[in-house]
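Working notes, structure below.
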Amino acid sequence: MTRICMGPLMVDMAAEQSYTAEQKGLLLSAFAGGYAMTQIVGGIAADKFGGAPVIFLGLLSSSAALLMLPFAARAGFLPLWWLLWAMGFTQGPTYPAQLVNTAKWA
């Protein structure tokens with residue numbers, strides 16, 4: 001959900017927090033950076049432990065990070081960047097884990 005919603009939300013966030021164009025770009029790319037790092041590891045973990053536990057942990061940790069999003073935004077640019085990166089990092093394994101679940105189910 002974060003990767004889909006951050007683009008439209010960035011317009012209002014940038015106006016409210018007075019982000020520069022560079023900061024907006026960094027914030028929008030933070031999620032992708034974390035997400036890309038855990039794709040392969042997530043697939044390996046899903047093969048080893050099963051897809052359901054990997055999906056559960058990814059969504060649980062990402063949900064906790066989403067609850068912290070307003071506080072990170074108020075704390076400043078750097079805490080928000082790290083939180084978005086962490087959200088991408090924790091959501092990265094969910095897609096390959098879902099594919100493992102689907103392959104075993106089908």
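Keep in mind the model is a prediction, meaning the values are calculated, not measured.
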**Fill in**
Taken to the nearest 0.5 Å, the spacing of Leu84 CG from Tyr35 OH works out to 15.0 Å
**Heavy-atom pair of closest approach, residues Pro79 and Gly76** = CD-O, 3.4 Å
**Request:** Take Thr102 and Gln98, measure what side chain to side chain donor-acceptor pair (under 3.5 Å) needs, and give me the verdict at the end.
**Result:** CA-CA 6 Å; Thr102 303; Gln98 178 269 325; 2.9 Å; yes
**Message:** Please find the pair of heavy atoms, one from Ala30 and one from Trp81, that lie closest to each other, and give the distance.
**Reply:** CB-NE1, 3.2 Å
**Message:** Could you check whether atom CD1 of Ile40 has more than 12 heavy atoms from other residues, nucleotides or ligands sitting under 6.0 Å from it?
**Reply:** no
**Asked** If you round to the nearest 0.5 Å, how far is CE of Met87 from CG of Leu69?
**Response** 6.0 Å
**Asked** Going from OG on Ser61 to CG on Leu66, what distance comes out if it is rounded to the nearest 0.5 angstrom?
**Response** 11.5 Å
**Prompt:** Considering only heavy atoms from C-beta outward, does the side chain of Pro96 approach that of Gln39 to under 4.5 Å?
**Reply:** yes
**Request:** Measure the acute angle between the ring planes of Trp85 and Trp82, then classify it against the limits of 30° and 60° as parallel, tilted or perpendicular.
**Result:** perpendicular
**Prompt:** With no hydrogens and no angle check, is any side-chain donor or acceptor of Thr20 less than 3.5 Å from a backbone partner on Gln23?
**Reply:** yes
**Message:** If hydrophobic clusters are built by linking Ile, Leu, Val, Met, Phe, Trp and Tyr wherever their side-chain heavy atoms come under 4.5 Å apart, do Leu78 and Phe89 end up in the same one?
**Reply:** yes
**Message:** Could you see if Leu27 belongs to whatever hydrophobic cluster contains Met37? Use Ile, Leu, Val, Met, Phe, Trp, Tyr and a side-chain cutoff under 4.5 Å.
**Reply:** yes
**Message:** Quick check for you: to the nearest 0.5 Å, what is the distance between Ile44 atom CD1 and Thr38 atom OG1?
**Reply:** 11.5 Å
**Fill in**
NZ of Lys24 to OG of Ser29, rounded to nearest 0.5 Å, is 13.5 Å
**Request:** State, to 0.1 Å, how close Ala46 and Ala97 come at their nearest heavy-atom pair, and which atoms those are.
**Result:** CB-CA, 3.6 Å
**Prompt:** With a 4.5 Å heavy-atom cut-off, do Leu83 and Phe31 have their side chains touching?
**Reply:** no
**Item:** Note, Gln17 side chain near Leu80 side chain (heavy atom, < 4.5 Å)
**Value:** no
**Message:** Applying side-chain contact (heavy atoms from CB on, under 4.5 Å) to Val54 and Thr94, what does each step give before you reach the verdict?
**Reply:** CA-CA 7 Å; Val54 175; Thr94 59; over 6 Å; no
**Prompt:** Same cluster for Met6 and Tyr95 if Ile/Leu/Val/Met/Phe/Trp/Tyr side chains link at under 4.5 Å?
**Reply:** yes
**Request:** Examine Leu26 and Leu28 and state if one hydrophobic cluster contains both, with Ile, Leu, Val, Met, Phe, Trp and Tyr joined whenever side-chain heavy atoms are less than 4.5 Å apart.
**Result:** yes
